[in-house]
2 protein chains.
Amino acid sequence: MNTFVDADPGLQRSRRRDAEQNRLAILRAAGAVLNRDPDASLDAIAAAAGLSRRALYGHFATRDDLIRSLLAHRVREVLAAVDRIEHPDPPALLALIGVTLWRQVESVRVMAQFALRGPFQHELSYGLQPLRDRVKHAVTVGAQTGRIRDDIDSATLARLVEGAVLSVLDEATRFPMDAATGERLVALSVLAILGYDAAGARALIAETPELRS
Amino acid sequence: MNTFVDADPGLQRSRRRDAEQNRLAILRAAGAVLNRDPDASLDAIAAAAGLSRRALYGHFATRDDLIRSLLAHRVREVLAAVDRIEHPDPPALLALIGVTLWRQVESVRVMAQFALRGPFQHELSYGLQPLRDRVKHAVTVGAQTGRIRDDIDSATLARLVEGAVLSVLDEATRFPMDAATGERLVALSVLAILGYDAAGARALIAETPELRS
DNA sequence: CGTAAGTTGCACATCCGTGTGCAGGTTCGG
DNA sequence: CCGAACCTGCACACGGATGTGCAACTTACG
């Protein structure tokens, strides 16, 4: 339960290694199960992790604690992945961000599910703020430089870009598709919302090496 | 409970008029409340309708019965509204359908919420099939006649159109917007996904009188 | 190999929502 | 104005999920 083991190594015996494995297994199972049903019981999650429900309480005090940990974990992953992306051209940058989110489908979807309702809404959207800011900034700059449509308020357009990505992720969940198809669809959808027609979007993808998977 | 009152008027005294009012109030309240939280309790719904929970059971046998009635009701409304739409040009038709759905935000959103998970998924998607078929057909024809992009499989594109509409409805729920803005946004989003750039979409809207609100 | 960490299974209390029964009140409608 | 239809408030049974306590077992690790 306490991550700071090194703090007081005095008389205590160290944390068992398999316990940490189980903790991760639970988080992994929680991601998978809650993605299908955000109201799934702890029993279902524990079972999916190959543990008993009782054991779960050895790692997480409450259900909320588990979900909170899961979300925090996934938010870190996603933000780290997005942070690595750089591109001078706003629309290309946004398409790249979309593609990156596609590669983290499960994390993104589970976050989206808890971002709408439940006790974690605000906490979560606070954690995702950096990502949102980046999208908004890219949209704004792109609109000013004429690379992105300016007939829609940039704050709104930024949220529509979010929506476009989630839309494709939903589609992928209901009708499984291979990685290449998914990435292409995300890029096309994002560029479409940003104001590119089909040919223009394809051209931009073709001339952006990072978008050629 | 029984809608077919006229069937056996013999010895029975007729249904009280205010009871039917209450039934409708419950359905209306259910739509509003379940839109915010699909797991809201019957208590919350009854309260929103200005009735006691106990009275609710006089109109609907079970929770499922209530939700089923609500969805059936809304599906009928939406399908009827969409049925009235006609337009020879596929992209314009799809934009019009989107705008019509926008005018039924609450119904559409509540349906979307129960279309994903829960016991009504299949039943609901069965009821909405005519709408889906129409969208798919328009997309297919549009792609064949060169009015709509053909670089995305038409079944997939049809579902992305759905997603685009829902995306705007979500946006409208979180950041309320006036009717005109909403209709414009829906039309632009749908056309964007169909392969139109910003200018092209605006042009198509301008030359389609039914899309000028 | 011994000990502590970890897991299991069970029992139990608790909470919350659903669905039902019933007595008593209010209101519509003939 | 009478009676039936409707609503209320309360009680209760029930199921499902959460969270806790405890004894017994298994496993990792020094």
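Chain letters run A, B, ... following the sequence lines, proteins first, then strands; residues in each count from 1.
Looking only at side-chain heavy atoms (C-beta outward), B:L185 and A:L160 come within less than 4.5 Å of each other. At a threshold of 4.5 Å between non-hydrogen side-chain atoms, the residues B:I148 and B:L157 count as touching.
Shown are A:L128, A:L101, A:N35; of these, the side-chain contact (heavy atoms from CB on, under 4.5 Å) with A:V108 is made only by A:L101.
Atom CD of A:E20 and atom C1' of D:dT27 are 17 Å apart (whole Å). Taking atom CZ of B:R17 as the reference point, atom P of C:dT26 lies 22 Å away to the nearest angstrom. If you measure from atom CD1 of B:I26 to atom C1' of D:dC7, you get 11 Å, rounded to the nearest angstrom. Atom-to-atom, CD1 of A:I67 to C1' of D:dA17 comes out at 13 Å; the value is rounded to the nearest Å. Taking atom CD of A:Q21 as the reference point, atom C1' of C:dT7 lies 16 Å away to the nearest angstrom. Computed from coordinates, the B:D18 CG to D:dA5 P distance equals 13 Å when rounded to whole Å.
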Item to check | Protein proximity profile, nucleotides 10-23 of chain C - base contact B, sugar-phosphate-only contact S, no contact -, cut-off 4.0 Å on heavy atoms | outcome: B------SBBBBB-
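At the phosphate of C:dT7, OP1 or OP2 sits under 4.0 Å from a side-chain N or O atom of A:H59.
Relative to the six-membered ring of A:F120, A:R68 misses at least one condition, a distance below 6.0 Å or an angle of at most 45° to the axis.
Looking only at atom types and distance, the side chain of A:D178 has a donor-acceptor partner in the side chain of A:T181 under 3.5 Å away.
With D:dT8, D:dC6, C:dT8 as the choices, the nucleotide that has an atom nearest any side-chain atom of B:N22 turns out to be D:dC6.
A salt bridge links A:R109 with A:D170: the closest approach of a Lys/Arg side-chain nitrogen to an acidic carboxylate oxygen falls below 4.0 angstrom.
Side-chain to base pairing of A:R16 with D:dA28: no donor and acceptor N or O lie closer than 3.5 Å to each other.
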